[in-house]
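Take a look at the structure below.
Whatever order the structure lists ligands and atoms in, that order sets their numbers, starting from 1. Counting begins at 1 with the first residue of the sequence.
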Amino acid sequence: MITVAGATFLLTTAQTSYAFAVDPAGYLRHLHWGGRIDRVGDFEAPARWDLSTNDMLADITPQEYPVHGRFRYAEQCLALRFADGMRELRVEVTGHRVDDDELVVSLADAQRAIAIDLHYLVHEQWDLIERWAVVRNDGAEPVVLESVFSAQFRVPYEDLTFRNVQGMWAAEQHAFTQPVSYGKIVIEARRGISTHHHNPYVVLGRHATETTGEVWFGVLRHSGNFKGIVEQSQYGGTSFQLGVNDYDFELRLPPGGQFATPAVVAGYSGAGLGAMSHRLHAFGRSLMAPGIRDVLYNSWEATGFDVTADNQITLARRAKDMGVELFVVDDGWFGRRGQDSDGLGDWWVNRDKFPDGLAPMIEAVRDLGLRFGIWVEPEMVNPNADLYRDHPNWIHREPDREPDLARQQFVLDLSRPDVQDFVVGTLDQLLSEYDIDYVKWDANRPMSQVGADRDVWVRHVDALYDVVRRIKAKHPGVLIEACASGGGRVDLGALTVFDDFWPSDNTDARDRLDIQRGYSYVYPAKAMRAWVTDSPNFLTQRAVPLRFRFHVAMMGTLGIGADLTKLSDDELGQAAKLVAKYCEIRATVQDGDFHRLDDPSANDYRLLEYSAPDQAVVFAFLPASLLGRRGTQVRLRGLDPDATYRFYAEWRHQERSGRYLMAHGFPLWLQGDYASDVIVFDRVTA
Ligand code: GLA
């Protein structure tokens, strides 16, 4: 709900409120972000004065969208340059409008024709708000934006805890926390993708655990260079900005031109990190195509670049026997692609590998009753490809310099309309010619050497979203997975146009426990592809039992990536049973609430739960037994306290009330390394 009283604005969701007002000095002053307060009359923004000749109002006032100029020294949201070199902004609120769930507050510079619209979208049902800004040049001369963030947020406390993830290729999404103190914490991406290194969000906690304490969070809907700045103020409180990175950035606004920042989805939880995740997961799922996701098979780890019609059909037959529903052929099917140095960009079928085209293979897969998917990497090109020979100027490059290769490839400059049309045309042709349900869209290197146009970082990402939307408009039923050497493009911007994520090239089940945990803070299980692959794992050389590998992968949308020709009949049988088990619980896993239950101090148990109205599922892992025979007590969350649940534990079926299972729990005991179990709690209907 949006309430406006005079110059005070109050946004309320089911459990939270967000308030700000125009104060006597003309600043749009932030007033409240926290628990729900319904009475707008409780809020006021009394006059304040400079604290000293060195501590001025512009710095002291917590503003909704601070701009560069005057005595503003703290971080700001907007800095720009007018054509005559003038750089100071003096904005005031000029009006507002409310349109259903959206509030737009307009600011403008009285002397210079710059207008800023601050957008606030209230997602009442998810306890979230969404903020972005639109900067418009109403003048007759161009203006250059030097820095333009989506929003500033403020928490009225100090000594908070900052959370994000850190990592690298094949080790993404490792959650970390660090204290917020004086000075700043900066988190960013500079590679044109949201990267494997950090993720575009800020989470601030105050005494926060999974179920208690306060959490304030903002998640950016952008897949490119981002920056989050957390600043604890000497004047009390902590602010953060989130938005497009101002690193190597400039954006020219012609007369009449405007720039809309990506949005930040933000919220407050008074009940710890779990409630934050539930809200963000529900929001994330709302962006996705509805329906339960298929069990997938992907041939990458089995056949690498050596795909042929025969070896794919052999794999598809075995996959079908295991209960797989969607068969995906990965890299290697196109151009003169025998290795990573060749053929990228030449999206015609490799006739050495598929003499009769893809059709016979796709028909064979379909005859098995499977859906079919295929890998592409449309933003890239190898120098050894016809596409590059024909269009050497289509890549990001600095004039007069040899561009650098990574994985033997260059990045196409997707901000060019001819490149966009090429990508849309290529995918349109592929999807029109063949019966394809699923596309894995990869991007295996970062952008670099982008040349003189410093807005290209943003324009590449906008163009990416645009081409994916154009392809989907022509082929609405096709689901598209976002992959960037694994998890380089896991972000809410990507989830807005793509359908799910490949979170990591690391498919080692033990490593995945941590990767998937980090991922789970913000992103929904339904968007997380997870495969069971061979043991020992190709990357870590770690041997892990099949059951444990399955149980880990069953916590997302299950996929199989093992070389099925190497599995024994016994293993295939075991795998088929585990796929069937997944199908029984996948509605709960994909659409339920996710709970991080564990207290790993008790013998390294990893305990995770999904709860839905009729079922809850507990996943229990003991990667390494550290304390002999020590078991643990598992208390569930998210059950109906008055309902009865039936489950199998301690070698017998049991029935208990939801209240009992949440307040007391049940004893769990796993034995040995890589022990795991999945315990299903079915609601008993009267
Ligand atoms: C990337 C992806 C992998 C696989 C290969 C193919 O590394 O992350 O899953 O598709 O490319 O070359």
Side-chain angles (χ1 to χ4, degrees), residues 167-173 191-197 223 296-308 311-312 315 326-347 350 353 372-382 384-385 405-411 427 430 436 438-447 479-491 494 498-509 511-512 515-516 519 527-534 537-540 553 556-563:
M168 56 180 280
W169 172 75
E172 301 88 338
Q173 301 278 353
R191 299 166 184 239
I193 50 173
S194 47
T195 77
H196 308 74
H197 307 99
S223 303
L296 160 163
Y297 179 83
N298 179 296
S299 59
W300 172 243
E301 288 194 28
T303 43
F305 295 107
D306 301 326
V307 286
T308 63
N311 66 21
Q312 298 305 292
L315 288 169
L326 164 67
F327 183 84
V328 181
V329 173
D330 210 280
D331 198 349
W333 58 268
F334 53 88
R336 294 178 199 89
R337 185 80 163 166
Q339 51 196 358
D340 63 9
S341 56
D342 307 321
L344 202 54
D346 296 340
W347 299 108
N350 183 307
K353 301 179 185 182
F372 181 77
I374 200 156
W375 180 96
V376 291
E377 194 177 2
E379 296 155 82
M380 306 282 166
V381 65
N382 286 133
N384 185 22
L405 285 165
R407 211 198 193 213
Q408 312 283 346
Q409 64 196 55
F410 298 129
V411 185
L427 267 292
L430 186 66
I436 295 173
Y438 191 85
V439 170
K440 176 176 171 187
W441 183 300
D442 212 337
N444 273 310
R445 58 156 288 176
M447 284 166 62
L479 297 186
I480 309 184
E481 171 183 319
C483 171
S485 292
R489 222 178 226 166
V490 172
D491 56 76
F498 291 95
D499 295 284
D500 50 20
F501 299 122
W502 180 228
S504 181
D505 279 348
N506 186 341
T507 55
D508 176 292
D511 283 8
R512 272 284 179 133
I515 292 170
Q516 295 183 180
Y519 170 100
M528 183 178 78
R529 283 281 168 199
W531 305 348
V532 176
T533 55
D534 291 324
N537 184 271
F538 85 101
L539 198 81
T540 62
T557 55
L558 177 64
I560 318 290
D563 184 349

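Contact check for Trp441 versus Leu427: side-chain heavy atoms found under the 4.5 Å cut-off.
Of the charged side-chain nitrogens involved, none lies within less than 4.0 Å of a carboxylate oxygen, so that Arg336 and Asp342 do not count as a salt-bridged pair. The pair Arg489-Glu379 meets the salt-bridge criterion, with a side-chain N (NZ, NE, NH1 or NH2) lying under 4.0 Å from an Asp/Glu carboxylate O.
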Trace of the side-chain contact (heavy atoms from CB on, under 4.5 Å) decision for Ile436 with Leu430 | CA-CA 8 Å; Ile436 295 173; Leu430 186 66; 3.9 Å; yes
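Protein residues having at least one heavy atom under 4.0 Å from any atom of ligand 1 are Trp300, Asp330, Asp331, Trp375, Arg407, Lys440, Asp442, Asn444, Cys483, Ser485, Gly486, Trp502, Asp505, listed by chain and number.
Seen from the ring of Trp502, Arg512 counts as a face-on cation partner, given the 6.0 Å and 45° thresholds.
Formation of a donor-acceptor pair under 3.5 Å by the Asp511 side chain with backbone atoms of Ala171 is not found in this model.
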